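Chain naming here is simple, since letters A, B, ... match the order of the sequence lines and numbering starts at 1 in each. Just so you know, these numbers come straight off a predicted model, no measurement behind them.
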There are 2 protein chains.
Amino acid sequence: MNKELKQQFQTSFGKQLEKFRVLQGLSYRQLAQRCDLDHSVISKIEKGEVNIQIGTVLELAKGLKAHPKELFDFKFDLDE
Amino acid sequence: MNKELKQQFQTSFGKQLEKFRVLQGLSYRQLAQRCDLDHSVISKIEKGEVNIQIGTVLELAKGLKAHPKELFDFKFDLDE
DNA sequence: TCAATTGTGGTAGAATATTGCCACAATATT
DNA sequence: AATATTGTGGCAATATTCTACCACAATTGA
């Protein structure tokens with residue numbers, strides 16, 4: 001499949017995640033604790049280095065007290 | 001983590017996917033062709049048997065010509 | 001009736017995410 | 001100055017998805 005598009009999607013998701021985290025004044029380690037994830041993983045996710053599973057999305061949403069769909073609420077053009 | 005919640009999340013996503021697919025009058029095999037996925041995989045996803053990656057979500061969204069976030073637009077309570 | 005389509009279930013190998021840990025430079029705090 | 005915190009990167013082991021098949025019962029259509 002389109003590798004750039006996938007890469008871009010991961011990056012967009014990461015940026016969105018960062019937005020939520022920073023807005024709540026959380027560090028990687030603080031969010032990690034709430035999510036039951038390792039802090040280094042969150043770093044990689046925010047940088048778009050990982051193609052995470054939706055179960056992990058759920059973890060993140062829980063930690064941020066947000067609905068999962070909010071983490072996908074960013075502008076994204078499917079065809080380019 | 002909460003295994004039931006994760007399971008429920010996958011199932012909800014699957015149902016949402018089914019909604020979109022059926023609304024467009026597509027069979028598993030037809031959607032699979034558009035998504036560059038195997039039809040048996042889509043069956044498993046709709047039944048909530050797989051914890052898919054967001055890259056796969058993107059594939060499905062492309063095939064359905066929908067924004068990825070729409071596939072997560074279902075009611076879901078984080079605490080229960 | 002015969003052929004095609006559909007949803008479902010299984011399998012096996014390759015690829016990738018997850019988990020848990022460590023270490024370090026840069027920055028912030030006391 | 002000394003200490004704590006933060007973001008980042010790497011690593012190994014385990015778990016899971018992904019990919020590409022095949023097969024079959026049930027339904028649909030000609």
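Side chain of A:R29 to main chain of A:H39: no donor-acceptor pair is present (N/O by atom type, distance under 3.5 Å, no hydrogens or angles). Between the side chain of A:E49 and the backbone N or O of A:K44, no donor-acceptor pair lies under 3.5 Å.
Two residues are said to be in side-chain contact when any heavy atoms from C-beta on lie closer than 4.5 Å; A:L26 and A:L64 meet this criterion. Contact of the B:L37 side chain with the B:L60 side chain is registered, since non-hydrogen atoms from C-beta on lie closer than 4.5 Å. Residues A:F9 and A:L78 fail the side-chain proximity criterion, which asks for heavy atoms closer than 4.5 Å. Under the 4.5 Å side-chain criterion, counting only non-hydrogen atoms from C-beta, A:F20 is in contact with A:E70.
Not one side-chain nitrogen or oxygen of A:S43 sits closer than 4.0 Å to the OP1 or OP2 atom of D:dG7.
In this entry D:dA12 has C:dT19 as its Watson-Crick or G-U wobble partner, both defining distances falling under 3.5 Å.
Within residues 13-28 of chain A, the residues having any heavy atom under 4.0 Å from DNA chain D are, by residue number, A:R21, A:S27, A:Y28.
Straight-line distance from the CZ atom of A:R29 to the P atom of C:dA28: 15 Å, rounded to whole Å. The CG-P distance, from A:L60 to C:dT19, rounds to 11 Å in whole Å. Following rounding to the nearest Å, A:I42 (CD1) and D:dG7 (C1') show an atom-to-atom distance of 12 Å.
Residues satisfying the ring-ring contact (aromatic ring centres under 6.0 Å, His included) test with A:F13, not counting sequence neighbours, are A:F72.
Taking a 6.0 Å sphere around CD of A:Q24, one finds it holds more than 12 heavy atoms contributed by other residues, nucleotides or ligands.
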Name the pairs: protein N/O against N/O of nucleotides 13-21 of chain D, kept only if under 3.5 Å.
| from | atom 1 | to | atom 2 | distance (Å) |
| --- | --- | --- | --- | --- |
| D:dT17 | OP1 | B:N51 | N | 2.8 |
| D:dT17 | O3' | B:Q53 | OE1 | 3.4 |
| D:dC18 | OP1 | B:Q53 | N | 3.1 |
| D:dC18 | OP1 | B:T56 | OG1 | 2.4 |
| D:dC21 | N4 | B:D38 | OD2 | 3.0 |
| D:dC21 | N4 | B:S40 | OG | 2.9 |

